[in-house]
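Values reported hereafter were calculated over all heavy atoms of this structure, with side chains retained and with hydrogens, waters and symmetry mates removed. Here is the naming used below: chain letters follow the sequence lines, and residue numbers restart at 1 for every chain.
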Amino acid sequence: MKFPTLRPAKPTGTLSAYADAGHLLACPDGVWAYYALAGQDMLGRTEAEVMTVQRAQAHRWGELRGHRVMVRQTSHPWDDHAWAKRIDREHPHPDEKPTPNEVSRRLTNKPGAPTFKDVLTAGQAMVQGAKRRKSASVLGVRISTRRIKGTDLDVVLRPEPVADAKLEAIRAARVRIDTAVAKPGFEGTPLAPNSIAWLTHASLGMGAPVPPILLDHPGRKSWDEGAIAGFTNPVQAHADPYSLFTELHIARESEVFTRHVAVQYVERFMDRHQLSEPFLAWTLAYPEPLEILGVFDVIDGAKLKRQAEKARRKARDIQDHNLEHGDDPLPYMARGIELALQIEDEFHTGDTPTRTRLRGCWVIAVARETEHEARGAAKALAVAAEEQAGAVLAHDFGQFDLYRAFTPGEPFPFTGGYQTQVSAKYAASALVPNVSVEAGDPTGFLVGPVYGGRDMMTLDPFGGAHRNLSGVQLECGNQGSGKSALAGALLWWTSRLGIRTVGIDPSGPWKALTALPDLKGDAHYLDMASAAQGTLVPSVMVPEPRLADHDDDRVAWREAVASADANRVELMVDTLAGLLPYGFRQEERKHVAVLTTACAEVGGAYGEDPWRYVSAVEQRGTLGREIADLLRAASELRGTLVFPKPGTEVDPEKARRVLNRATLTIIGTHGLAMPPSNRSDPATWTPAQQAAPAILNLMVNLATLAMYSDRNEPTHVAIDELRQVASIGSSLPSFINRIVTDTRKWRAFVNLLFHAPKMVTDIDESIGNLAGQVLIGRLDKQDAALAKPLLRDDDPDSLVPELVQDQTAGEFVVRDWLGRRRQVYVDQSWWSPELLAALDTTPGGRGRYDDSPSSLFGVPA
Amino acid sequence: MILSTDDAAVRDLELSWKGPPDSPTPWEARYSAYIGVLVLAPLIGFAVSLLLFPMEWLPWNSLVVIALRGLLGFVVGLTLAILAVRRWGVLVTPTRTPSHHLAVLLAEVFTPRRKTTTTHTLGRSMTSHVCVVTLQRGKHEVPNPEAG
């Protein structure tokens, strides 16, 4: 039993820490080092992956034996202001001075239309209304119990050994701990002084914002005792005798915030399955902001053998005493004995992670404006924690000291009570300090909330290109899943930023984007039915590689030229075959051989006249003449886009001029006959519908031509209804492979939409590995299982299929550019009314059907 | 695999005594309760015996008075100690140890109250610019946030 020492009250104007350098704090109880931990993706991983992370973390705890450790989980409001500022800075107004080497492309504001500032403001309002927060995990390790001078911290930070033996011992410990924390499991990096300052402000002024002006100047590397006042001056804290709350008055800029802080101990962690949701993951998803603190000693079990033996003997004594008196020992006594035996065994024979123990206290704080609210919040938290997270909380006295303990450098008021002892294995399962639900990119389009936490996903369409990954995104989902709406919103977003954007839209929802008031004059709709003859000549749909684009590497360039020639031949063969009547193709199987040999003979030169191929086919005997006649007939009907007027030269730049007409180009097929969605057998289609896949395939290639204008200029291409072109032959897989490679080199984002995974896996089985980012919306049961390969999920027990089936409109399971799997909801509340109306594909309009209980009895809501 | 903390073995088991095996007591109490009574009973008994000082004026032999005061003190002290332990002993649990209660008492005694002044006044920070201040002996240096 430990007795506390008498000590005077700590004036609220002081801190225990008296100096800081780098990630080190000098405190009366020793030198502490603080680390920011990389977010661990525990929620979207397979069982095997989770266990790998747990094993790594258990070893990391083992490496920290002999040290006191602090785990701090906190959160701050999602910085919508920083998001808006960054977007505005990276895409400046055309009238503003552009950044060097960068031309401002952002569209000018149109009269009567939402301005770009309105767009950013709406996004900020959505984030603030949704109360999104970003979590952060900090690990503090006491590297030495020796008190040193503040100026000696710089010595401890040196990479090379120092002369002073005592400081060298501390320096060596610092190096060892830095190395251990950086290893897999934690992947911690030393916390910057600014971040320590932020955490100190956020802890002292719990519940109040930390304005950037409070933080130390960027140029300063450390702060000393003279800087303490900057932290403590703005905060006045006190507590009434035996009160369950600490009252804070916090001055931030010109406003004073009043907060009542309630701190609860974790009295008990219940038994849990090794793979169930970590406790610190549950706290992330809790609806209200929480502050978590764990302070514990990491102890080698070998030093606890006596404790284990004593526990075993005590349990046995209790059991024997009951037996002596003829009473039945209660089951908890037998469990206690069994557990004590197991612990003793682990201490004697286990490996390092098995033996290692974490003994200390865990506390959770909530801060509210009034005491009444704080009391309610604390009670709600206690109920929820026991019901959902397997942790029993206790709200006890001594609140002021507990509140102060959250501040870096402040000692934890160990009293002998509420101390819990867990194995490193348990800690790795339940107390993963750096659980994260981050998804997406640091900047970009605001998608919506990430499930499992309070974070917000932003999608940078060029996140793949920035990371030297494939810039191909796959969006898959049933009709009504919201994939076209999201893709349409991304088209609008990149158009507003002035980025060349092209969309292929066979079914028509994106046409309305070209009529949006804020894109007026910068968008046009191209209906293929009214396009000029020869717009889709196949030999210009595959661009000619340029030497400059291969860094003057002639070998690579020649290979690229040869590959492009081959692609054009494939495309020509597929196109000509697709223009032939379906019945003819089915009856006469040799037409492919005839077309292939004829096209190969002509070759795949850029800008080759399609009529030359027809002439070559005609030389191939009776069958060849028949095929040539059919092609000439087709050129007058559905093939006018493919064949220019006979005798006219092919204009290789015609297609590019079409795409360069405006920032946003939507290519539709309103006037063309499209295959019906309810009949998959081409034999049941009309001749015009049978030719549609070939035309669509050419349109897809046309859209991607926009990528190759300028290597430094970003391009966004979206292709809807990919199933329509899935029946095309070998040129589509070549197209997919080409864009996967070229989006990395050409700063392009290509978004492919389709109804079912099978449509894409039929084109290329490995497409899940080729795509940089994948979004899976709601799918039927038979399709849901096929979503796993696209998400790179090979866990046979994965719950992804069930998750995907149960999704509602707007919900997606995402594998982002970094391979993290999350579930997100696309929040449309910040989209302008015009954009919402343009992308609404629900028959009868948005919100037509009301299933709310108030309307169940026929009474209007 | 089900994981448990060590607490069920290390912390949560409490020793209690039911008396000798051949003559069990009609009650069962924790060892900590017995210790509590053993500590409190003499203290309370001593205080009670002091309060019984008017018995000195009884026309009895002084030794008898002393013995009587002692006996009454013992009985009353023991009774009050048992009642006190029964009433407040429930506050002592494996998680709320006696040291915890003592530490909380001390913490509450020394906790800053509503009128406690701080080292620096709150008013100084009620400006539009709050920044880290370096205090040097003899002079104050306020960095200009605009200087970057």
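Of all non-hydrogen atoms in B:T5 and A:Y426, the two that sit nearest each other are CG2-CZ, 3.7 Å. Across all non-hydrogen atoms, the minimal contact from A:G416 to B:S99 is CA-OG, 3.8 Å.
The part of B:E14 that comes within reach of chain A is its backbone (N, CA, C, O), which places non-hydrogen atoms under 4.5 angstrom from that chain. Residue A:Q399 touches chain B through its backbone alone, counting heavy-atom pairs closer than 4.5 Å. Contacts of B:T93 with chain A are absent, with no heavy-atom separation under 4.5 Å from either backbone or side chain. In this structure, the portion of A:Y265 lying under 4.5 Å from any heavy atom of chain B is its side chain and not its backbone. Using a 4.5 Å cut-off between heavy atoms, A:R335 makes no contact with chain B at all.
A:K310 NZ: 12 or fewer foreign heavy atoms inside a 6.0 Å radius. Within a 6.0 Å radius of CZ in B:F46, other residues, nucleotides and ligands contribute 12 heavy atoms or fewer. Sparse packing is recorded around CZ of A:R316, with 12 or fewer heavy atoms of other residues, nucleotides or ligands lying under 6.0 Å away. When the shell of 6.0 Å around CZ of A:F257 is examined, it contains more than 12 heavy atoms from other residues, nucleotides or ligands. No more than 12 heavy-atom neighbours from other residues, nucleotides or ligands sit within 6.0 angstrom of CD on A:E338.
Among A:Q307, A:H321, A:M333, A:E324, the residue with the largest count of heavy-atom pairs under 4.5 Å with chain B is A:H321. For the set B:P21, B:P20, B:S16, the count of heavy-atom pairs under 4.5 angstrom toward chain A peaks at B:P21. For the set A:V422, A:I318, A:L358, the entry with the most heavy-atom pairs within less than 4.5 Å of chain B is A:I318.
Atoms CD1 and OG, from B:I2 and A:S429 in turn, are 9.5 Å apart once rounded to the nearest 0.5 Å. Between atom NE2 of residue B:H100 and atom CG of residue A:D396 there is a gap of 3.5 Å, rounded to the nearest 0.5 Å. If you take CG on B:L3 and CG on A:L275, they are separated by 9.0 Å, rounding to the nearest 0.5 Å. Rounded to the nearest 0.5 angstrom, B:D7 CG and A:M270 CE are separated by 11.0 Å. Note that CD of A:Q419 is 8.5 Å distant from OG1 of B:T97, once rounded to the nearest 0.5 Å. To the nearest 0.5 Å, atoms CG (A:D401) and CD (B:E108) are separated by 8.5 Å.
Salt bridge B:K18/A:D327: present, at least one basic N to carboxylate O contact under 4.0 Å. Using a 4.0 Å cut-off between charged side-chain N and carboxylate O, B:D6 and A:R357 make a salt bridge.
At least one donor-acceptor pair closer than 3.5 Å links the side chain of A:H273 to the backbone N or O of B:M1. Side-chain N or O atoms of B:T111 include none that pairs as donor or acceptor with a backbone N or O of A:A239 at under 3.5 Å.
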